[in-house]
Amino acid sequence: MYKLAHRILKNLNPELAHNLSIKALKMGLYPKIRIQNTEILEQTIWGRRFQTPIGLSAGFDKNAEVIKPILNLGFSFTELGTVTPMPQLGNPKPRIHRFDAKKALVNSLGFNNTGMEVFEKNIINSNIKENFQDKIIGINIGNNKDTKEIIKDLEKVFNQLHRLGDYIVINLSSPNTPGLRENLKSNHFEKIVNQIHRLRDDNHSKIPILFKISPDITDQEKKDIALISLANDIDGLILTNTSIDKSSLNTNLQGGMSGHPLFLKSNKIIRDFYTLTSGKIKIIGVGGIFDANDILTKMKLGASLVQVYSSFTYEGPYHIKKLTIDLMSQIQQEGYRNISEVIGQHS
Ligand SMILES: Cc1cc2nc3c(=O)[nH]c(=O)nc-3n(C[C@H](O)[C@H](O)[C@H](O)COP(=O)(O)O)c2cc1C
């Protein structure tokens with residue numbers, strides 16, 4: 001039944017299909033998946049136990065509406081958001097496009113979300129920490145489109161939400177918010193890192209703070225970001241967001257490309273950062289993961305954890321179970337005793 005429902009959704013307009021999926025998940029219309037004996041995939045990172053390295057990437061559950069269903073589908077962590085201080089509608093529709101033959105998506109959503117107040121209520125109402133002590137919640141935060149000073153918005157959202165998550169992500173890499181990626185330039189990046197770390201100290205918080213990076217940065221920008229990350233002892237990098245390079249799709253659409261054609265590009269960024277930081281900064285690898293082999297590739301290049309988005313929408317509700325089971329058998333076959341042993345093997 002769920003497979004059939006997914007096939008129908010895949011033929012609808014992508015944003016409508018997404019909204020219907022969120023509705024169905026909220027109504028409990030999804031398979032409850034149990035995956036047992038996953039010890040070989042377990043790791044402790046930032047003092048938190050991740051049952052498996054597979055999480056849901058930001059942008060699917062922008063308003064923290066389906067935390068429990070997502071975790072019930074087999075993800076060990078979910079990254080909520082991107083959430084901004086005020087609600088905002090995002091860019092004009094249509095703004096999500098599928099490229100089925102290439103297993104890609106192009107989106108120009110522009111941080112459409114219901115804002116941090118509703119987001120906070122949704123997390124609190126989900127009683128997540130009581131129901132899912134063993135799962136991890138990331139909160140991905142950003143600025144409203146018309147904000148002049150990004151740091152003011154980040155401060156507002158951080159102050160409001162940091163107590164509700166296990167880690168925070170500062171999203172500096174969406175291509176759909178004008179000027180946002182400028183903050184990856186060294187002087188801006190360093191300032192934001194310092195200001196956010198100070199804010200955390202002022203709040204007497206120890207929550208890990210990660211930065212989500214674009215795949216379209218230059219080699220010099222990579223070096224600068226790596227140096228600043230090391231000098232400021234940041235907790236982690238998420239590599240990567242969508243790419244504005246859509247040459248493989250032959251399209252004039254605006255927005256960022258995700259899915260299969262992003263795989264190699266995001267892998268290169270993971271390898272470069274792992275090398276530039278000598279493996280000292282934790283990496284969450286994301287971009288074009290479709291099977292367990294793709295996960296292992298990203299981890300061997302230096303990712304400690306991975307996330308998926310596009311393949312989840314292409315493959316449907318049993319996808320994470322399959323990824324998890326295949327990953328377990330593959331690392332057993334390769335003779336590893338724990339998934340952590342693969343990290344950085346091919347860097
Ligand atoms: C429709 C859509 C919406 C997205 N929204 C966000 C977002 O709000 N914040 C964010 O950091 N990344 C967002 N992303 C990027 C994903 O989190 C991920 O980095 C990217 O899609 C690459 O992974 P994938 O190839 O597995 O899809 C979005 C991606 C898609 C396809």
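Looking at Asp245 and Ser243, their side chains never bring a donor and an acceptor atom within 3.5 Å of each other. Glu42 and Asn338 form no side-chain donor-acceptor contact under 3.5 Å, judged by distance and modelled atom types alone. With 3.5 Å as the limit, one finds a donor-acceptor pair spanning the side chains of His319 and Ser311. The closest side-chain donor-acceptor pair between Glu65 and Asn122, if any, does not fall under 3.5 angstrom. With 3.5 Å as the limit, one finds no donor-acceptor pair spanning the side chains of Asn159 and Glu155. Between the side chains of Thr324 and Asp326, no donor N or O sits under 3.5 Å from an acceptor N or O. Between the side chains of Ser214 and Asn241, no donor-acceptor pair of N or O atoms lies under 3.5 Å. Between the side chains of Ser310 and Ser258, at least one donor N or O sits under 3.5 Å from an acceptor N or O. When only modelled atom types and interatomic distance are considered, Lys298 and Ser266 share a side-chain donor-acceptor pair under 3.5 Å.
A cation-pi geometry, defined here as NZ or CZ lying under 6.0 Å from the six-membered ring centre and within 45° of its normal, does not hold between Lys145 and Phe111. Figure legend: Lys121 and Phe119 shown without cation-pi pairing, the cationic atom not lying both under 6.0 angstrom from the six-membered ring centre and within 45 degrees of its axis.
Taking the six-membered ring for Trp, His6 and Tyr318 have ring centres at least 6.0 Å apart. Between Phe75 and Phe312, a ring centre-to-centre spacing shorter than 6.0 Å is recorded. Between Phe50 and Phe77, the ring centre distance stays below 6.0 Å.
Salt bridge status for Lys280 with Asp233: absent, with no side-chain N to carboxylate O gap under 4.0 Å. Of the charged side-chain nitrogens involved, at least one lies within less than 4.0 Å of a carboxylate oxygen, so that Glu149 and Lys152 count as a salt-bridged pair. The existence of a salt bridge linking Arg198 and Asp201 is excluded, since no basic side-chain nitrogen approaches an acidic carboxylate oxygen closer than 4.0 Å. A salt bridge is defined here as a Lys NZ or Arg NE, NH1 or NH2 lying under 4.0 Å from an Asp or Glu carboxylate O, and Glu334 with Lys300 meets this definition. Contact check on Arg200 versus Asp235 returns a salt bridge, with a Lys/Arg side-chain nitrogen under 4.0 Å from an Asp/Glu carboxylate oxygen.
Formation of a donor-acceptor pair under 3.5 Å by the Lys32 side chain with backbone atoms of Gly28 is found in this model. Using modelled atom types, no side-chain atom of Gln160 and backbone atom of Val157 make a donor-acceptor pair closer than 3.5 Å. The backbone N or O of Ile234 lies less than 3.5 Å from no partner atom in the side chain of Asn232, so there is not a single donor-acceptor pair. With hydrogens and angles disregarded, no donor-acceptor distance shorter than 3.5 Å links the side chain of Gln330 to the backbone of Ile325. Here the side chain of Arg7 pairs no donor or acceptor atom with the backbone of Ala5 at under 3.5 angstrom. Judged by distance alone, with hydrogens and angles left aside, the side-chain atoms of Thr38 form no donor-acceptor pair with the main-chain N or O of Leu41 at under 3.5 Å. Counting only distance, with no hydrogens or angles, the side chain of Asn203 and the backbone of Ser205 share no donor-acceptor pair below 3.5 Å. With hydrogens and angles ignored, the 3.5 Å screen pairs no side-chain donor or acceptor of Arg271 with any backbone N or O of Asn267. A side-chain donor-acceptor contact under 3.5 Å links Gln43 to the backbone of Ser304. Looking at His97, its side chain never comes within 3.5 Å of a backbone N or O of Leu253 through a donor-acceptor pair.
By the 4.5 Å heavy-atom criterion applied to side chains, Glu79 and Val169 are counted as neighbours. Taking 4.5 Å as the limit, every side-chain heavy atom of Lys212 sits out of range of all side-chain heavy atoms of Leu172. Residues Ile137 and Leu164 have side chains not in contact (no heavy-atom distance under 4.5 Å, counting atoms from C-beta outward). Side-chain contact check for Thr240 versus Leu262: some heavy-atom pair is nearer than 4.5 Å. Between Ile150 and Leu180, the closest side-chain pair of non-hydrogen atoms falls below 4.5 Å.
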> Passes side-chain hydrogen bond (donor to acceptor under 3.5 Å, both in side chains), Asn112 versus Gln88? Steps please.
Replying inline: CA-CA 5 Å; Asn112 53 316; Gln88 74 181 18; over 6 Å; no
> Going through the checks in order, is the salt bridge (Lys or Arg N to Asp or Glu O under 4.0 Å) test met by Lys135 and Asp166?
Replying inline: CA-CA 9 Å; Lys135 300 272 187 168; Asp166 292 295; over 6 Å; no
>> Using the rule given for side chain to side chain contact (heavy atoms under 4.5 Å, CB included), can you reason through Ile217 versus Ile225, listing the C-alpha separation, both sets of side-chain angles and the distance that settles it, and then say yes or no?
In response: CA-CA 10 Å; Ile217 54 176; Ile225 291 171; 4.1 Å; yes
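Of the inter-residue distances, the one linking Leu154 atom CG with Thr147 atom OG1 reads 9.0 Å to the nearest 0.5 angstrom.
Heavy-atom contacts from other residues, nucleotides or ligands closer than 6.0 Å to CG of Leu230 number more than 12.
Residues in residues 98-107 take part in these side chain to side chain donor-acceptor pair (under 3.5 Å) pairs, two or more places apart or across chains: Asp100-Tyr314, Asn107-Asn176.
The side-chain hydrogen bond (donor to acceptor under 3.5 Å, both in side chains) test with Thr84 is passed by exactly one of Thr114, Asn113, Asn171: Asn113. Considering Lys246, Lys265, Lys222 in turn, Lys265 is the only one that fulfils the salt bridge (Lys or Arg N to Asp or Glu O under 4.0 Å) rule with Asp216.
Phe211 and Phe189 have perpendicular rings, their planes meeting at more than 60° on a 0 to 90° scale where under 30° would count as parallel.
The ring pair (Phe, Tyr, Trp, His ring centres under 6.0 Å) test applied to His162 returns Phe158, not counting sequence neighbours.
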